[in-house]
Amino acid sequence: MNRPKTWLLLSILAAWVISRFQGAINPYYYDILITIGINIILGVSLNLVTGYTGQFSLGHAGFMSVGAYASAMVTLSVGAHARGESLIFIGALLVGGLSAALAGLLVGGPSLRLKGDYLAIVTLGFAEIIRVVFENVEAVGAARGLSIPVHTTDFFWTFLSVALTIYVVVFLVHSTYGRGFLTVRDDEVAAEAMGINATKYKVLAFVVAAFFAGIAGGLYAHFKQFIHPEGFGYLRSVDIVVIVILGGMGNTPGVIIAAVLLTILPEGLRALGSWSALPEAIRPLIQNRMILYSLLLIALMLLRPQGLFSTGGRLTKWLKRGKGAAA
Amino acid sequence: MLQIRDLHVNYGAITALHGINIDVPKGSIVTLIGANGAGKSTTLRAVSGITRAQKGSIVFDGEEIVHLAPHKIVGRGLCHVPEGRMIFANLSVMENLLMGAYRRNDRKAFGGDLDYIFDIFPRLKERKAQSAGTLSGGEQQMLAIGRALMSKPRCLMLDEPSLGIAPLLVKTIFEKIVEVNKNLGITVLLVEQNANLALEISQFGYVLETGRIILSDASAKLREDPQVKECYLGG
Amino acid sequence: MSVSSALLEVDQCTVQFGGLKAVSELDLRIHEGELVGLIGPNGAGKTTIFNLITGVYQPTDGDIWFDGQSVVGHKPYQITARGIARTFQNIRLFSSLSVFDNVRAACNLHLKHGISHALWRGGAFAREEAEIAERVDGLLDIFHLSHLRNAECTSLPYGDQRRLEIVRALATRPKLLLLDEPAAGMNPTEKGELMRLIRFAQEKFQLAVLLVEHDMRVVMGICERIAVIDYGVKIAEGTPEAIRNDRKVIEAYLGE
Amino acid sequence: MIQFLQQLINGLALGSIYALIALGYTMVYGVLKFINFAHGDIYMVGAFVGLYVTPWVWKVIPPGQDPSKFNWNTTAGGLVVMLISMVVCAVLGILIERLVYRPLRNRPRLTVLITAIGVSIFLENFGQYLFGADPKSFPDILPDRTIDIGDLSIFMNQIVVFVTTIVLLVALRYIVMKTRMGTAMRALSYNTTAASLMGINNDVIIAFTFGLGSALAAAAGILNAINYPSIDPLMGILPGIKAFVAAVLGGIGNLPGAVVGGLLLGVLETMVVGYISPMYRDAIAFAALIFILLFRPNGLFGKIEKEKV
């Protein structure tokens, strides 16, 4: 048994132990914790595409929605309160993840020929088309949305998924095989000249990321118990991109911190916005988290485009060294 | 006319110029020769302001220009014909020439200047309504020089005017460079790989190697220098 | 040294961009273990020939044979896998990777194991990673880059970056190495050292080398045979001595 | 047949709006090589400026009493409203370029794209704060009349859209093709370095381009509000994306292409709504985009460019 796997088992164990006490956690904080978990999965998985492989995707919410709907359909077709709830849930999440991965393959295959702005806009287009489709299919509730009768997502399942996502992304990238992702980001022409099949890596990153976005979608559906096509629009994708940017492209610990911060931020702003000492006119300005988000994003791009938590690459270097010792 | 002192240029961690000194006296043709990657183009780019110098001074006509923006340097009468010509292929030949005169406000004088350019490069006149992208390499080089002349420069910097051009046309273009220098009194700083030709028309030459001036002398003397002969003249 | 068929055979290749023939009806043969130089004025089409051989461009006409098989229509990574590696005129290292990782990435091609191994991280994975690390360190050592192993590649001086590109290309285990102006931007001492290293690598790895270079001392000094290109056409080919005295070459290239 | 012609006219009117916005995308892409994601929101700001200045303009130029009759005062007032909105948006566009995009001039394109998304989100949400999130009804700044030609009915508004669009296009073409500034714009879009070596102050030209594009977007905002008099701070998102699709359709950076792309998309969308289902109104633009990018990535009129190795 070597270190990476120990690390994975320990984190799953920790998730299990903490989940034993989840009843003791204030429901408000509990909700925030689950949301943090889902956002970490989304951020870390998108980071594989955008951060490590350098492909800018604006459609991550689309894959999340595929996972959410697919897993919800599994649960609904099995029926609520069937026995073996956990097994059904695992099945639903896996179906969600695999459906999203398939969508990722279908979208990524043709569109990853494009670069930069064009890729971003095409992924956005695909996500919007997915949304329009869900809005028009009666079987999934069309524009009315879809209710899921069970609340199966709990602390353990969420953080088990978080641990798996981080494990896969980090330990995939930190291997000779996984260096392929980074070479594609740095210089595609040189990567191909070194015998690296750039297309394969780009599609692989896309599919793996879509899989975990699908898992996140499944968790979300069985947590909120209601999903609606509007909830997976372009702004949701932007939210995930902001997590990646803030954390620093290709910096997984940074992205995790960013996911936590950006989940707590709107809650804090809500509290601050209702603080009566503030003038009436300012309060909505603060409560609208998107105003702050956008200013944050612009300021970040102007001042620290490498992300808030890239300490001059020291963290990345530390990771590389950590890898050297592990391999 | 142009004095370069202790010029340093870095691209990221790579140092392209390690403090070079060049003097271009008024009315002369000075040439800068050296191998690919020696820093010749970088020198010109730093003088015209496209590339920022980290250290050093560039004095043009008594004025320090090292921190000026490129468009202001053109306004001072120092024009750079870049490597690869960089004509505007999407514009017509005439529009290219007019762009050369972008900073000038004496529109009435344009006609005379155009006549002079069409006189030394008759081919441009024939093709003035044509899109510049359809010109041959040699014609594009003529256009690039003509376009630069439209800015009424006092000093012209030419970066490898012979690049990718048929030998016969190279000869014509070099003759015109000399003509412009003699008739209009324009000072010329010429960067060239074709050392033979460059040293033939210039009065003074500098040899650049990995970002340093390793030799400088009158052109006639450089042509006889054994080291220059071996490396650059194919002797 | 009598090889019946060449390792690389460029057969009547033409590359056309729009109306412009960048390379026309080029014939070029390189035998195993041979060191061939490719010279010509700027813009003559030398880099285009490299891009043609490595699959970045496809020939408009003609065929390219490598090691007995046609490589036309293959992708660059497939051609590299067949045994052709290259360096770039304008250095293209993986800028975010360390020196070590730049070379390690080039070992990707010969990995026995894939994604599942990287995730499972069993004994086989550890052994293979250790093997690769050893090979990379060995290569870095030969080219005197060991002390820079963990440095960021963009922080290296010009000459070191060029050498690192050669090391990276060698890590793909090529039979033919294409070097695009490896001496550009080096001082005479570095150039001398580079010549020695190219010869050394050629012998040690039994490489054929095709070298584009402007510095005549380098080309004349190490090449067994030189081909001269002008306007996309091969105007001469022969030993350095023959090239030096060829009228056509002196006319077109040395600018008389 | 009548129904088809009617749809065609509606489609061309919608397409004109897309074309005007698309020109801004294409011009900015031409000089800076990036997608100004916030461009659609300028269109929104244009409509709101119109909403707020109309009462002021009407104080100076009182509109006609009978909205169904043509009236010179009403028309003049409408024009003034549009001009003010265009000027305000031009200034806004220049300001955004100066404050946000210029410092990022030589940064990776991704950085600039993300910043543009940020600006877009900011304009939308600050708009919600400033104007309120609820839709506002846009005043009738033009006489409301229908012209019947046989069974075909054309709204006065549509005629105004066509005429204004044509006038603006002719003006733009004159600026770009005949003036010194326009030639400099084209030169700059081909090669920025060479442009600065000609003594062109790239900053000025880029600011000018932003101003011009933003003014056109403002005009589109007003024209659209005349036709669909309900405006809200998020109204720019979809037309913005669709106009971008139009620009790509015509080959980004290509001015006539943007116009053709806009008209094409407008007609296509109207036909889909009229003959298939209104539910797919938005999907059609994205489907067109994906199709064009995957099969002709340089647009209908573009040519393929290869990366230099």
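Heavy atoms only: backbone and side chains are in, while hydrogens, waters and symmetry mates are out. Because the structure is predicted, anything quoted here is derived from the model rather than measured. Each chain gets a letter, A, B and so on, in the order the sequences are listed, and its residues count up from 1.
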Problem - Region of A/Phe181 that comes under 4.5 Å of a non-hydrogen atom in chain C - result: neither
Problem - Rounded distance (nearest 0.5 Å) linking atom CZ of C/Arg168 with atom OG1 of A/Thr183 - result: 9.0 Å
Fill in the blank from the handout: When the 4.5 angstrom heavy-atom criterion is applied to C/Leu119 and chain A, the contacting part is both
Handout entry: A/Arg179 vs C/Leu97 side-chain heavy atoms within contact, under 4.5 Å
Key = yes
Completion exercise
Correct closest heavy-atom pair for C/Trp120 and A/Tyr167 would be O-OH, 4.4 Å
Practice task
Provide the closest heavy-atom pair for C/Arg104 versus A/Ser175 in the form atom of the first, atom of the second, distance.
Solution key: NH1-C, 4.1 Å
Practice task
Over all heavy atoms of both residues, which pair between C/Ser95 and A/Asp186 is shortest? Give the atoms and the distance, please.
Solution key: N-OD2, 3.2 Å
Handout entry: Heavy-atom side-chain proximity of C/Tyr77 to A/Thr199 below 4.5 angstrom
Key = no
Exercise for the section: Kindly determine whether C/Asn108 and A/Thr176 satisfy side-chain hydrogen bond (donor to acceptor under 3.5 Å, both in side chains), including the steps that lead there. Expected result: CA-CA 6 Å; C/Asn108 187 299; A/Thr176 301; over 6 Å; no
Fill in the blank from the handout: Rounded to the nearest 0.5 Å, the CD1 atom of C/Ile91 sits from the CG atom of A/Asp187 at a distance of 12.0 Å
Handout entry: chain C contact via A/Leu204 - side chain, backbone, both or neither, heavy atoms under 4.5 Å
Key = side chain
Practice task
Report yes if some heavy atom in the side chain of C/Arg92 is under 4.5 Å from a heavy atom in the side chain of A/Val189; otherwise report no.
Solution key: yes
Handout entry: C/Leu111 portion near chain A, given a 4.5 angstrom heavy-atom threshold
Key = side chain
Handout entry: A/Met194 and C/Cys107, any side-chain heavy atoms less than 4.5 Å apart
Key = no
Problem - Minimum side-chain heavy-atom gap A/Tyr177-C/His117 below 4.5 Å - result: no
Exercise for the section: Could you pull out the closest heavy-atom pair between A/Phe171 and C/Arg121, with the gap in Å? Expected result: O-NH2, 2.6 Å
Problem - Chi angles and distances behind the side chain to side chain contact (heavy atoms under 4.5 Å, CB included) call for A/Arg185, C/Phe94 - result: CA-CA 8 Å; A/Arg185 173 187 71 185; C/Phe94 303 123; over 6 Å; no
